Each structure stands twice: as structure tokens, then as C-alpha cells.
J.: 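Following this message is one structure expressed as C-alpha cells.
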Amino acid sequence: MSWLNPFARLPTVMRAEEIIKFAHSRSVRVSMKSSMRLSKLKRTQIREIARLKEFTRQVKSKLRLAVESFPSLDRIHPFYYELADILIGLDRLRQALGSVYNCIPLIDSITKKHIEAMKLSDDYQQIRRSRSAAKGRIASVLRATAPNLDLIIEAKKTLSKLPGVSSDVPTIVCSGFPNVGKSTFVRAVSTAEPEIAYYPFTTKNVIVGHLDIDDRRVQVIDTPGILDRPMSERNEIERSAIAALKYLAHVIVYMFDPSEACGWSFDQQMNLYREVQRMFPLNPLFAVFNKVDITPPDRLSAARERVPEAMLMVASEGRGVTEVIEAALEEIELVSDTDIVTEAGS
Ligand SMILES: Nc1nc2c(ncn2[C@@H]2O[C@H](COP(=O)(O)OP(=O)(O)O)[C@@H](O)[C@H]2O)c(=O)[nH]1
Ligand SMILES: [Mg+2]
């Protein structure tokens, strides 16, 4: 797969105080095997300069790691871009990364200035004080940027939990009210053990299933708590998080339970179906009737009159599930073929 969550598995970023402690412990370990022929002053000079340099080196490498290990925000997939913006705020995040990075030249100049003073000094006590003053000033720079480091750490923590999804794999997003059979469907079609992931603003976990059809990998995503209730019950942020799915879903399967065993009337399910249609006008939407095994015939025919194109399925027995996947894939191919034609024609 070409990519998964770009924020997963980033190296650990240290907080300001942790960096100070770490760099200090490294710098005091520096010992110089200097010749006894050198004067005490000279030896102090060499050792203290080496310690300050080591302190600076460690601080800089931790700051660089914090910034450079972060995925380049302009190059990540729009799905993650949008979610990062909703969850953290990209302006804040960019500002924090920039501020942390800008500490590096500042720290360099503090170090340089103090090393020059240490070289010119002829008092070994003063050389020690100078080293200590430089470390103090660098620590102040770090403390001033502590909130930025904290934000980067927070961002990493939140974003690393987003579901790992692949961009170049045909992706089917499964929606519908709770208990209509979405998870059963995803599990039924998955060949590998589905991954369990977190999605912002829901307490439930998202299931990402994978299957191979004719040597092609397909991805099916369950959406508990996401596309399973009316949008009027959502706040702005939730709606944005839901809208981010448009970047991911090559096709949306909307699952009905015409038996109403799920606890939602067919009318309620119709309303949400229309809402999903409105919310994702550009994504092909695919209607499926699940639980047809327990749906009374008259109810099923009434439902079919209202949504004649719906496919029939019994997810719990695996009946009709492959047909749904294949039809969804055909839909995806139709769409991408059209894209190619339009591009060539324009
Ligand atoms: N009779 C019947 N029960 C089903 C079918 N599909 C799912 N169920 C049951 O419906 C309940 C809810 O299914 P679940 O997949 O958890 O729904 P979700 O909330 O949409 O993910 C479970 O008890 C399933 O066993 C089906 O096709 N027929
Ligand atoms: Mg479920």
C-alpha cells in the first residue's frame, strides 16, 4: 500500500524540560583526555567548550527531530490534511513547527558568542561561569518555546490515532444507522483481520477491512457514530470530520435494514439516506438492503418500491456480500473511466 496514516509511528518528541535535562546529562559526560603539559586554564577552556558544544548539539538534534520528523503538511493526503486542520488547526501547527525551528539559529548564536568569550578569557572560573550562562540562556530559549513543543506532542498524539487508510486502493465507505449490519458486512468481506481504529468525535471505533478481488486490494471502512444519525444532531466540527470522508470514499454503501430489527423505521433510514446523498454529492452512493432473511415479504416489496436500485444482502450469512463489493467496484471503475475520458477530452 502506498501510504497509511502519515502521523503514525513518528519518533518521540521531548518536552522542553526533558530536552534540557537530556542535553545536560550528555554534556557533563564529556571528558577530555588533555595533555598534562597544558595549563589548568587551557584544560578548563578545552573541556568547558566541548561541554557547551555537546549541550548545544543535543538540544539542536532534539529540536530538529521534533520538526523534521513531522510529515510535510502540504504533501499529505487531503483526508488527513482536513482532519489535522479540524483537530489541531494547521495554522497553529505550522506556527509551532516554525517557532521551534527558529530556535536553532538563536541557540547557535548564543553558543558561538559564549565560546568566543571562553576562548579569550584567562580566568578558569570565569570560563565555567560562561559555559553555565550559555546553557542557562539556551534553556530559556527552550522554555519560551515549550508551548510549541507541547502542541507538536499533542498533535502527534491525536493524529497518530487516526485510521490508517491507503489512498490508491479502491475504498468503500459503509454507512447507515446503528445495528443495520455495517460491522457484520465489513467483517464478512474482509479476508484479513480488520483493523480497529479511532475516528475523531466518535466514541466508537472504526473498522477498516481489507480484501482482495482478482488480485486487487479493496478497503472497506465501517463508520460507527459517523454516518449513522441525522446531521442536524451534529456540530460544525463533527460535520467537517464527516465531510473529510469525501476524500477517501470512492463509493459509499448505504445500508438499510428493511426489517427494522435495528430499531429504526424505514422512513428514518430513508431520511438519512437522502442526507448522505446531499452531504457527498460527488461520491457514488450505493443502496443495499440487509437482513432480507428476516424481512417480511410485504415490507421488503414496499421498500423495494421506494429504492428499486437497492441490492439485497444477508451480511450475517455472507449472502450477497461479494455481489455488493463487486457492484461497488464496478461503480468505481465507471467513475474513473469517466475521469480519464474527461481528462483526455479537455
Ligand atoms: N438476521 C440478520 N441479522 C443480521 C444481519 N446482518 C447483521 N445482523 C445482526 O444485526 C446486529 C447488528 O449488526 P452490526 O453489524 O453490529 O450493525 P452495525 O451497528 O451497523 O455495525 C447484529 O446482531 C448482527 O448479528 C443479517 O443479514 N440478518
Ligand atoms: Mg458496528
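Remember, it's 1-based here, ligands and their atoms both numbered in the order they're listed. Being a predicted model, the structure only gives us computed values, none of them experimental.
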J.: Measure up the F256 and F266 rings against each other and bin them: parallel (under 30°), tilted (30 to 60°), perpendicular (over 60°).
T.: parallel
J.: Q219 and T171: side-chain donor and acceptor closer than 3.5 Å?
T.: yes
J.: Taking the six-membered ring of F55, is the NZ or CZ of K135 close enough (under 6.0 Å from the centre) and on axis enough (within 45°)?
T.: yes
J.: Say whether, by atom type as modelled, one donor and one acceptor occur between the side chain of K60 and the main chain of C103 under 3.5 angstrom.
T.: no
J.: State which residue, out of V218, V321, T322, fulfils the side chain to side chain contact (heavy atoms under 4.5 Å, CB included) condition with L211.
T.: V218
J.: Would you check ligand 1 and list the protein residues that come within less than 4.0 Å of it by any heavy atom, ordered by chain and number?
T.: F177, P178, N179, V180, G181, K182, S183, T184, N290, K291, D293, I294, V314, A315, S316
J.: In terms of side-chain heavy atoms, does T145 have a donor or acceptor partner in N148 at a distance below 3.5 Å?
T.: yes
J.: Assess the side chains of D257 and S259: does a donor N or O sit below 3.5 Å from an acceptor N or O?
T.: yes
J.: Any donor and acceptor pair, going by atom type alone, linking the side chain of N283 with main-chain N or O of A249 inside 3.5 Å?
T.: yes
J.: Does either side chain, that of S27 or that of K53, offer a donor lying less than 3.5 Å from an acceptor on the other one?
T.: no
J.: Below 2.8 Å, which protein N, O or S atoms neighbour the Mg ion (ligand 2), ignoring water?
T.: S183 OG
